[in-house]
Amino acid sequence: MSTIKHYLQFNDFSADEYAYLLQRAATLKKMFKSYEKHQTLSDRTLAMIFEKASTRTRVSFEAGMYQLGGYVVHLTTNDSQLGRAEPIADSARVISRMVDIVMIRTFEQAKIETFAEYSRVPVINGLTNEFHPCQILADIFTFIENRGPIQGKTVAWVGDGNNMANTWLQAAQLLDFKLHISAPSGYELDEKLALGGKADPQHFQTFANPHDACRGADLVTTDVWTSMGYEEENAKRQKAFADWKVDTEMMALAQPDALFMHCLPAHRGEEVDADVIDGPQSVVWDEAENRMHVQKALMEYLLIGRQPQA
């Protein structure tokens, strides 16, 4: 039996694998836009387990699997409480005998790591507190689609040193671009968590002032100040992040053709001004759609490997 490949964090794939996935996502998107059937996963079943709810994650995975000819089983916390109703290992053993691939959106990364350890089928991280690889894959695809190769470019992350920031750092190291990050004191990115050690300064630089982080950037991106699971900290975070709102002044410091991204949902007037997210440099709607296309390429690759490219 061949080794099962999972996608639990961005570092799970090589630069060569990402080159293939990004190219394949472009092909699948082109086929989708031209209404050309691309049902390479006919009769395969995806189980989606949600301990954290999400509109975009559900729609992108579910619609994507149907477009590939497969089926979807949707489980919520009412249907599957990982590690509570039964041990995670037992849930993995059972569910993975009935489906072909599993996507999990949950809290601790340890949960998805344990599930993958006992799963007979590939497992995809739809989001954990620590990492969000599918979103960064979509973001990189969106950048390439709009501006060409990301290698050698500068991405500015403004805000919480959260799962998105952790994953951006992994991507920068692996795909050879630079990450500028500015977060309030006490909310900095944890290099050890993201990489298991200290980041290469050629690919990562921190800034106390978010304006300095945006200076010369090719992409400016952010996230909500209070992620799901941290709602009790909201008042404290509102105060701490007050100077980390992406506005037109920050965007003016970036490259003239810099893009703006946000993984959504967004709170206009908090982490980003309406003039930015609804402005001409914003590609958030392309970014949201592209989750579906990169995830189709990802599921296809995990289940049936590389496909011939036209």
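Here, residue 1 is the first one in the sequence, and each next residue gets the next number. Everything numeric here is computed off the predicted structure, so don't read it as measured data.
- Between E270 and R237 no salt bridge is recorded (no basic side-chain N to carboxylate O distance below 4.0 Å).
- In this pair, Y18 and Y7 present their aromatic rings perpendicular. The plane angle is above 60°, beyond the 30 to 60° band.
- Smallest separation of non-hydrogen atoms from M164 and C263: CE-CB, 3.9 Å.
- Both I304 and L21 sit in one connected hydrophobic cluster of ILVMFWY residues. Membership requires side-chain heavy atoms under 4.5 Å apart, directly or through other members.
- You'll find the side chain of T222 stays beyond 4.5 Å of the side chain of F241, heavy atoms only.
- Here the CD atom belonging to E191 is positioned 10.5 Å from the CG atom belonging to D200, to the nearest 0.5 angstrom.
- Using modelled atom types, no side-chain atom of E188 and backbone atom of G161 make a donor-acceptor pair closer than 3.5 Å.
- Just one residue in the list V158, L253, D243 forms a side chain to side chain contact (heavy atoms under 4.5 Å, CB included) with H211, and that residue is L253.
- Taking CG of L259 as the reference point, atom CG of D139 lies at 10.5 Å (rounded to 0.5 Å).
- For F131 and F10, the gap between ring centers reaches or exceeds 6.0 Å.
- When every heavy atom of A15 is checked against every heavy atom of L174, the shortest pair comes out as CB-O, 4.0 Å.
- In summary, of the residues considered (K296, K33, R56), a salt bridge (charged side-chain N to carboxylate O under 4.0 Å, His left out) with E289 occurs for K33 alone.
- Residues V224 and L264 do not share a hydrophobic cluster, clusters being chains of Ile/Leu/Val/Met/Phe/Trp/Tyr side chains in contact below 4.5 Å.
- The minimum heavy-atom distance between C214 and M250, with the atom names listed, is CB-O, 3.6 Å.
- Hydrophobic clustering (side-chain heavy atoms under 4.5 Å, transitive across Ile, Leu, Val, Met, Phe, Trp, Tyr) groups F143 together with I181.
- Listed for the W244 side chain is a donor-acceptor partner under 3.5 Å among the backbone atoms of S182.
- Tested against H180 for a side chain to side chain contact (heavy atoms under 4.5 Å, CB included), the candidates V155, L219, T154 yield a single pass: T154.
- In this structure, the side chains of L175 and Q151 stay at 4.5 Å or more apart for every pair of heavy atoms.
- When all heavy atoms of I136 and A171 are compared, the closest pair comes out as CG2-CB, 4.0 Å.
- A side-chain donor-acceptor contact under 3.5 Å links Q170 to the backbone of A194.
- The only member of L169, L189, L179 that meets side chain to side chain contact (heavy atoms under 4.5 Å, CB included) when paired with W157 is L179.
- Using a 4.5 Å cut-off on side-chain heavy atoms (C-beta onward), T142 and M261 make contact.
- The closest side-chain heavy-atom distance from I124 to F61 is below 4.5 Å.
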N129 vs K111, side chain to side chain donor-acceptor pair (under 3.5 Å): CA-CA, chis, key distance, verdict: CA-CA 11 Å; N129 289 347; K111 284 188 173 183; over 6 Å; no
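- Proximity of L127 to T57: side-chain heavy atoms (C-beta onward) are nowhere separated by under 4.5 Å.
- The shortest heavy-atom contact between H6 and S119 is CE1-CB, 4.5 Å.
- Considering only heavy atoms from C-beta on, M48 stays 4.5 Å or farther from L75 through its side chain.
- Atoms CG and CE, on L303 and M65 in that order, are 6.0 Å from each other to the nearest 0.5 Å.
- When side chains are defined from C-beta on, R268 counts as touching D278, because their heavy atoms get closer than 4.5 Å.
- Linking Ile, Leu, Val, Met, Phe, Trp and Tyr whenever their side-chain heavy atoms come within less than 4.5 Å puts L68 and L137 in one cluster.
- Between N162 and the options D190, D223, T167, a side chain to side chain donor-acceptor pair (under 3.5 Å) holds for only D223.
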Worked verdict on D275 versus D247 for side-chain contact (heavy atoms from CB on, under 4.5 Å): CA-CA 7 Å; D275 289 345; D247 55 19; over 6 Å; no
Test side-chain contact (heavy atoms from CB on, under 4.5 Å) applied to Q9 and E113, step by step: CA-CA 10 Å; Q9 53 183 291; E113 298 277 356; 3.8 Å; yes
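- Ion pairing between D286 and K29 fails under the 4.0 Å rule for side-chain N and carboxylate O.
- Judged by distance alone, with hydrogens and angles left aside, the side-chain atoms of S34 form a donor-acceptor pair with the main-chain N or O of K30 at under 3.5 Å.
- Closest of all the heavy-atom pairs between G159 and P184 is O-CD, 4.0 Å.
- Residues N163 and Q135 fail the side-chain proximity criterion, which asks for heavy atoms closer than 4.5 Å.
- Between the NZ atom of K37 and the OG1 atom of T40 there is a distance of 13.0 Å, given to the nearest 0.5 Å.
- The six-membered or imidazole ring of H293 lies away from that of F141, with a centre-to-centre distance of 6.0 Å or more.
- With rounding to the nearest 0.5 Å, the separation of CD1 in I104 from CD1 in I112 is 4.5 Å.
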Working for side-chain contact (heavy atoms from CB on, under 4.5 Å), residues F13 and K5: CA-CA 9 Å; F13 286 176; K5 193 166 185 64; 3.1 Å; yes
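- Of the candidates R105, E130, Q109, N125 forms a side chain to side chain contact (heavy atoms under 4.5 Å, CB included) with just one, namely Q109.
- Tracing side-chain contacts under 4.5 Å through hydrophobic residues (I, L, V, M, F, W, Y), one reaches L46 starting from Y66; they form part of the same cluster.
- A side-chain donor-acceptor contact under 3.5 Å links S96 to the backbone of R120.
- Shown here is E231, whose CD atom has more than 12 heavy atoms of other residues, nucleotides or ligands within 6.0 Å.
- Distance check, rounded to the nearest 0.5 Å: CD of Q295 to SG of C134 gives 4.5 Å.
- By the 30° and 60° cut-offs, the orientation of the rings of Y301 relative to Y20 is tilted.
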Test log, rule side chain to side chain donor-acceptor pair (under 3.5 Å), inputs E300 and H38: CA-CA 11 Å; E300 185 187 72; H38 45 285; over 6 Å; no
side-chain contact (heavy atoms from CB on, under 4.5 Å) between F204 and K198, intermediate numbers included: CA-CA 10 Å; F204 178 59; K198 194 167 180 61; over 6 Å; no
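- Checking I4, L8, I49 one by one against V123, the side chain to side chain contact (heavy atoms under 4.5 Å, CB included) holds for a single residue, L8.
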